[in-house]
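Notes follow the structure.
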Amino acid sequence: AADVCAATVAAGSGLFLSSLRVALGFHTFAQVAVGHALGVCTACLWQQLYRWWLSTMVEDAEGWTLPFLQAASGLAVLVFVGKTVSGW
């Protein structure tokens, strides 16, 4: 149930932010549609990579791999936000 809820929130947030970018004139509908298609393809690829490779790496690790991957992802998000905000 939590996975379905998280997926619903993610999809709803993406839809809202995409419509906002079109409404503000940052992108056209076609650009947003292509972005969504690329995002879905990328997400599917990452999910397959996790199933094939990362899941066994995380299970075989001595407890450091998953927190490292999560921290690296969080750092990437913070760097992206920092660069975006500094450009305003």
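Computed over heavy atoms, backbone and side chain alike; hydrogens, waters and symmetry mates excluded. Quick note: residue numbers are just sequence positions, from 1.
- Considering OG of Ser73 and CG of Leu78, their distance stands at 11.0 Å, rounded to 0.5 Å.
- To the nearest 0.5 Å, atom OG1 of residue Thr42 and atom CG of residue Leu49 are 10.5 Å apart.
- Linking ILVMFWY side-chain heavy atoms closer than 4.5 Å, directly or via other members, places Leu17 and Val81 in two distinct hydrophobic clusters.
- Separating the CH2 atom in Trp46 from the SG atom in Cys41 is a distance of 15.0 Å, to the nearest 0.5 Å.
- Note that the OG atom of Ser13 and the CG atom of Leu20 stand 12.0 Å from one another [nearest 0.5 Å].
- In this structure, CH2 in Trp52 is found 10.5 Å from CD in Gln47, a value given to the nearest 0.5 Å.
- With hydrogens and angles ignored, the 3.5 Å screen pairs a side-chain donor or acceptor of Gln31 with a backbone N or O of Thr28.
- Follow the hydrophobic side-chain contacts under 4.5 Å out from Phe16 and you reach Phe26 in the same cluster.
- Counting heavy atoms from C-beta outward, Val40 and Cys44 have side chains that approach closer than 4.5 Å.
- Ser18 places no side-chain N or O within donor-acceptor distance of the main-chain N or O of Leu15, the cut-off being under 3.5 Å.
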